[in-house]
Amino acid sequence: MENCLFCKIMKGEIPSAKVYENEYVYAFRDINPQAPTHVLVIPKEHVASLNDTAGIPDRNLAECLRAIPVIAAQEGLTGGYRVISNCGPDACQTVPHLHFHILGGTQLAERMA
Ligand code: AMP
Ligand code: ZN
């Protein structure tokens with residue numbers, strides 16, 4: 001999709017710190033990390049949020065979820081990690097391309113709101 005920040009990152013038109021990539025998925029470090037490890041996992045096919053995933057093949061979504069533990073292991077998150085997908089304004093979603101935040105590398109707060 002034109003003018004989508006994460007589509008441009010995935011295509012290499014905007015630089016990013018890549019941590020993982022396969023045919024379906026791209027993952028990179030969040031530019032404003034909220035934990036010692038903060039990685040964003042996105043499907044290569046544009047979809048705005050979890051609300052819109054009926055618009056992409058199941059494989060694309062499954063590959064994002066399957067990539068998460070692979071990336072967590074690669075990042076050495078042996079003590080655990082948190083996965084978040086902000087969906088819509090109440091959740092403060094700022095980039096309308098589906099993404100999963102992987103947060104870890106420290107003891108995370110119990111409450112989110
Ligand atoms: P969300 O608020 O859930 O939509 O998350 C969007 C995330 O993208 C935020 O955590 C931002 O820090 C991150 N972000 C925005 N621009 C960039 C960028 N150019 N490279 C890496 N991460 C970014
Ligand atoms: Zn996009």
Under the side chain to side chain contact (heavy atoms under 4.5 Å, CB included) criterion, do Lys8 and Asn3 qualify, and how do the steps go?
CA-CA 7 Å; Lys8 287 181 177 169; Asn3 288 326; 3.5 Å; yes

Applying the 4.5 Å side-chain criterion to the ILVMFWY set and letting contacts propagate, would Ile71 and Phe6 be lumped into a single cluster?
no

Is there a chain of hydrophobic side chains (I, L, V, M, F, W, Y, each step under 4.5 Å between heavy atoms) that links Phe100 to Leu103?
no

Name each donor-acceptor pair under 3.5 Å that joins a side chain in residues 77-84 to protein atoms two or more places apart or in another chain, with its distance.
{"unit_1": "Arg82", "atom_1": "NH1", "unit_2": "Ala109", "atom_2": "O", "d": "3.1"}
{"unit_1": "Arg82", "atom_1": "NH2", "unit_2": "Ala109", "atom_2": "O", "d": "2.6"}

Quick check: do Asp52 and Leu98 have side-chain heavy atoms less than 4.5 Å from each other?
no

Roughly how far apart are His99 NE2 and Ile9 CD1, rounded to 0.5 Å?
10.5 Å

What do the steps show when you test Tyr20 against Tyr26 for ring-ring contact (aromatic ring centres under 6.0 Å, His included), and what is the final call?
CA-CA 6 Å; Tyr20 181 86; Tyr26 188 82; 9.5 Å; no

Sequence neighbours excluded and cut-off under 3.5 Å, please list the side-chain donor-acceptor pairs for residues 36-46, or say none.
{"unit_1": "His38", "atom_1": "ND1", "unit_2": "Gln34", "atom_2": "N", "d": "3.0"}
{"unit_1": "His38", "atom_1": "NE2", "unit_2": "Asp30", "atom_2": "OD2", "d": "3.3"}
{"unit_1": "His38", "atom_1": "NE2", "unit_2": "His101", "atom_2": "ND1", "d": "2.8"}
{"unit_1": "Lys44", "atom_1": "NZ", "unit_2": "Glu21", "atom_2": "OE2", "d": "2.8"}
{"unit_1": "Lys44", "atom_1": "NZ", "unit_2": "Asn22", "atom_2": "O", "d": "2.8"}
{"unit_1": "Glu45", "atom_1": "OE1", "unit_2": "Asn60", "atom_2": "ND2", "d": "3.3"}
{"unit_1": "His46", "atom_1": "ND1", "unit_2": "His97", "atom_2": "ND1", "d": "3.3"}

Specify the closest pair of heavy atoms between Val25 and Cys64, including all atoms of both residues, with the distance to one decimal.
CG2-N, 3.5 Å

Could you state whether Leu108 and Ile102 fall into the same hydrophobic cluster, counting links through intermediate Ile, Leu, Val, Met, Phe, Trp or Tyr residues with side-chain heavy atoms under 4.5 angstrom apart?
no

Where the side chain of Gln93 meets the backbone of Gly88, is there a donor-acceptor pair that is under 3.5 Å apart?
yes

Going from OG1 on Thr94 to CG on Asn86, what distance comes out if it is rounded to the nearest 0.5 angstrom?
7.5 Å

When hydrophobic residues are tied together by side-chain contacts of less than 4.5 Å, even through go-betweens, does Leu50 share a cluster with Ile68?
yes

Is it possible for you to say whether Leu65 and Val19 belong to one hydrophobic cluster, with membership spreading through side-chain heavy-atom contacts below 4.5 Å?
yes

Decide, yes or no, whether a salt bridge links Arg59 with Glu23 under the criterion of side-chain N to carboxylate O below 4.0 Å.
no

Check for a donor-acceptor pair, side chain of Ser49 on one end and backbone N or O of Asn51 on the other, with a separation under 3.5 Å.
yes

